[in-house]
Amino acid sequence: MPEIYENTNFIKEAIEEDLKSGRFTTVHTRFPPEPNGYLHIGHAKAICIDFGMAQAFGGKTNLRYDDTNPVKEDTEYVDAIKEDIRWLGFDWDNREYYASDYFEQLYQWAEQLILQGDAYVDDLSPEEIRQYRGTLTEPGKNSPYRDRSVDENLDLFRRMRNGEFPDGARVLRAKIDMTSGNINMRDPVMYRILHASHHRTGDKWCIYPMYDFAHGQSDSIEGITHSLCDLAYEAHRPLYDWFVEKLGIFHPRQLEFSRLNISYTILSKRFLKLMVDNKLVNGWDDPRMPTLCGMRRRGFTSEAIRDFIDKVGVAKNESVVDISLLEHCVRDNLNVSANRVMAVLNPLKLIIDNYPEDQVEQLEAINNPEDDSAGKRLVPFSKVLFIEKDDFMENPPKKYFRLSPGNEVRLRYGYYVKCTHIVKDDNGEILEVHCTYDPETRGGYSPDGRKVKGTIHWVSAQHALEAEIRLYDRLFNTPDPDNTEEGKTFLDNLNPDSLTILNSCKVEPSLKNSLSGDRFQFERQGYFCTDLDSTQNSLVFNRTVSLKDSWAKISQFS
RNA sequence: UGGGGGUUCGUCUAACGGUAGGACAACUGACUCUGGAUCAGUAUGUAGGGGUUCGAAUCCUCUACCCCCAGCCA
């Protein structure tokens with residue numbers, strides 16, 4: 001498992017104190033996803049914290065599905081979630097649990113609370129319960145069914161289990177305090193009637209526990225010492241504590257941290273699902289999605305994501321992390337791990353007039369200057385090449401170091417070439433750039449020591465492979481997509497240019513056998529990976545992230 | 001105008017009564033066969049007011065602002 005969380009944070013400090021004080025002697029955490037959707041990078045933060053904290057103290061982490069609501073959950077998600085956690089680099093050994101494993105125990109505990117006079121069956125309708133609950137500023141009032149006898153409660157609850165009542169007819173409630181300032185303590189619902197088939201227990205149950213009655217006790221059963229969750233559950237902690245205290249069972253400690261937010265990004269299962277369902281993106285694993293499967297397909301490495309989560313830190317401040325930090329982490333990781341390769345996205349023909357017609361040279365190129373062990377490769381060179389359209393300008397501005405009439409540049413790993421003239425079509429569009437090369441500069445060095453300012457990449461026309469290249473950009477064009485004016489939604493902030501498909505790109509022949517998931521740096525362009533759709537005869541690459549481009553910055557000011 | 005949290009460079013995050021530090025972003029410059037990478041440097045911050053103290057981001061107090069809670073969701 002990856003090393004993570006060498007940095008300190010308030011949770012780590014709290015755990016240290018607990019160990020020191022003897023409140024706990026070991027550290028055991030859990031990651032509790034609900035199997036109702038795909039994991040996104042917000043979950044990655046929780047995963048890294050849950051597993052990372054346990055690991056920091058030599059403890060364990062359980063995977064536990066929080067599957068208490070059969071109408072929303074599906075086994076489809078169970079496997080996807082496991083795959084994503086493993087991909088991220090974490091392992092729960094054989095400790096794969098389900099809240100539904102504990103349904104019988106939870107039921108018994110519910111009866112115990114009834115026997116203790118701490119729970120009652122309520123016949124109020126959902127609407128009435130809402131009314132009786134009061135508001136944020138007014139206390140609630142007791143249900144007329146609140147003072148039923150233990151025997152009656154027990155009888156009714158057993159009949160709820162037996163399926164004698166329709167959905168919504170009754171609920172089991174904790175008897176706490178209808179006047180509490182904390183609305184969660186105003187006799188919260190423990191069980192509801194749901195005649196629905198559960199993905200694991202099938203039709204065995206028609207009553208299902210609520211989150212609040214399931215989570216803490218599940219933690220307790222598993223011996224979880226530190227139950228780490230997001231700030232939303234802070235107001236539920238008194239209830240969490242209340243249940244385990246009343247039941248007299250092992251009492252884990254719940255600690256809350258702020259969830260991850262990223263600029264130009266939406267991290268809401270509901271919104272992500274909306275985009276998938278409305279085909280605004282091509283599925284959960286669309287490379288533009290912040291889902292782990294989407295990011296994986298995009299070419300992100302799990303190392304980069306873990307590094308990002310680590311750099312973001314753990315605190316209680318509600319914060320929005322700049323997406324540029326994520327991009328930095330991806331570049332940082334890919335820079336040292338991805339092999340370099342030459343690819344021309346928008347081809348322009350470059351003809352070397354003084355190069356022998358049928359000659360082909362194999363030029364040596366370095367695979368990764370950051371990693372000697374990556375070795376070298378040979379790239380074929382010939383008279384007719386493709387270069388990037390952007391790398392030629394007929395009337396260049398100042399500080400443009402690339403090819404232009406009369407100017408000399410270096411073809412990477414190749415020769416110095418000097419532009420002599422261009423050929424245009426009737427519309428004035430440049431068809432060919434002609435140049436001459438200096439045979440003395442093979443490999444990219446000149447014996448007379450003269451310097452060229454620019455180095456451009458190229459692909460030999462007769463050896464080039466055709467490829468489709470998908471350019472991805474941020475999905476939204478505003479930093480806070482969900483913050484919209486009246487009458488608009490986050491969908492109005494979708495970036496119409498988040499996907500650009502380039503169809504006749506030219507890539508060097510070494511890419512012929514690349515496999516889905518392979519990552520490369522296309523020199524001077526960015527990091528790319530071979531897409532799932534790619535085949536040997538029809539190559540497809542995704543742009544993971546562009547390289548930092550200081551020319552773009554210079555040119556935008558001139 | 002109930003309850004619970006929060007507020008430190010543009011953005012995240014440290015500092016636990018003793019020089020406000022790091023990362024990303026930005027801007028200089030150096031170097032470079034990727035206008036990449038790397039290196040060096042610059043600027044920017046304790047929400048506000050009182051108080052305690054030799055000394056306060058840190059302790060006390062008042063104020064302001066932000067977030068969460070009124071699902072038979074999690």
Side-chain angles (χ1 to χ4, degrees), chain A residues 7-9 13 32-34 36 66-69 71-73 122 124-126 129-131 133-140 167-173 179-186 188-194 207-208 210-212 214-215 229-238 256 258 263 269 308 311-329 331-332 335-336 340 342 365-366 369-370 399-402 410-414 416 443-445 451-457 479 521-526 546-555:
Chain A
N7 308 335
T8 187
N9 61 58
E13 286 173 7
E34 184 186 14
N36 70 342
D66 230 331
D67 55 349
T68 56
N69 186 358
V71 302
K72 285 193 176 178
E73 294 148 10
D122 196 348
L124 254 26
S125 70
I129 286 185
R130 197 170 58 76
Q131 284 164 0
R133 185 151 35 221
T135 67
L136 292 178
T137 52
E138 303 161 68
D167 288 3
R170 291 177 223 264
V171 290
L172 184 71
R173 290 232 253 172
T179 66
S180 173
N182 181 348
I183 291 181
N184 297 305
M185 300 298 273
R186 320 239 262 231
V189 172
M190 294 164 57
Y191 271 91
R192 75 282 217 188
I193 300 172
L194 242 33
I207 57 171
Y208 291 92
M210 299 287 290
Y211 165 86
D212 285 306
H215 200 90
C229 59
D230 82 72
L231 255 24
Y233 297 98
E234 212 159 17
H236 292 250
R237 181 160 20 102
E256 311 87 8
S258 62
S263 60
K269 265 191 206 173
F308 170 70
K311 284 186 160 71
V312 162
V314 183
K316 297 192 77 153
N317 309 338
E318 286 166 74
S319 54
V320 181
V321 178
D322 198 318
I323 194 163
S324 65
L325 179 62
L326 213 208
E327 291 168 351
H328 162 81
C329 293
R331 290 191 187 103
D332 197 42
N335 178 44
V336 297
R340 273 60 171 172
M342 290 196 282
I366 295 165
E370 309 288 329
K399 291 188 178 171
Y400 183 84
F401 302 142
R402 284 115 93 147
R410 171 169 38 233
L411 294 173
R412 175 132 242 226
Y413 299 121
Y416 289 10
Y445 299 94
K451 301 275 186 208
V452 288
K453 259 303 206 182
T455 300
I456 64 174
H457 61 278
Q521 184 196 100
F522 289 0
E523 292 218 27
R524 304 207 303 133
Q525 313 261 17
S546 67
L547 239 29
K548 283 215 275 185
D549 184 357
S550 48
W551 166 246
K553 228 173 249 174
I554 296 168
S555 58

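Below, read A as the first sequence line, B as the second, and so on, with proteins coming before strands; counting in each chain starts at 1.
As judged by a 4.0 angstrom heavy-atom cut-off over every strand, A:Met210 is placed among residues touching the sugar-phosphate backbone only. Residue A:Tyr191 is classed as having no contact, given no heavy-atom separation below 4.0 Å to the nucleic acid.
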Per-residue pairing states of RNA chain B in dot-bracket (Watson-Crick or G-U under 3.5 Å; . unpaired, | other strand) read .((((((..((((....[..)))).(((((.......)))))....(((((..]....))))))))))).....

Give me, pair by pair, the N or O atoms of the protein and of nucleotides 4-14 of chain B that are less than 3.5 Å apart, along with how far apart they are.
residue: B:G5; atom: O2'; partner: A:Glu234; partner atom: OE1; Å: 3.4
residue: B:G6; atom: O3'; partner: A:Asn317; partner atom: OD1; Å: 2.8
residue: B:U7; atom: OP1; partner: A:Asn317; partner atom: OD1; Å: 2.8
residue: B:U11; atom: O3'; partner: A:Val320; partner atom: O; Å: 3.3
residue: B:U11; atom: O2'; partner: A:Val320; partner atom: O; Å: 2.9
residue: B:C12; atom: OP1; partner: A:Val320; partner atom: N; Å: 3.1
residue: B:C12; atom: O5'; partner: A:Val320; partner atom: O; Å: 3.2
residue: B:C12; atom: O2'; partner: A:Val312; partner atom: O; Å: 2.7
residue: B:U13; atom: OP2; partner: A:Asn317; partner atom: ND2; Å: 3.4
residue: B:A14; atom: OP1; partner: A:Val314; partner atom: O; Å: 3.4

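Nearest nucleotide to the A:Arg130 side chain, out of B:A70, B:G35, B:U34: B:A70.
Judged purely by atom type and a 3.5 angstrom limit, A:Arg340 has no side-chain atom pairing as donor or acceptor with the backbone of A:Glu523.
Nearest-nucleotide positions on RNA chain B for A:Glu370 and A:Gly181 put A:Gly181 closer to the 5' end.
In this structure, CD of A:Glu327 is placed 13 Å from P of B:A37, rounded to the nearest angstrom. Between A:Asp230 atom CG and B:A74 atom C1' the separation is 10 Å, expressed in whole Å. Computed from coordinates, the A:Phe522 CZ to B:G35 P distance equals 17 Å when rounded to whole Å.
Ion pairing between A:Glu256 and A:Arg237 holds under the 4.0 Å rule for side-chain N and carboxylate O.
Legend: residues meeting ring-ring contact (aromatic ring centres under 6.0 Å, His included) with A:Tyr211, ordered by chain and number and at least two apart, are A:His215, A:Tyr233.
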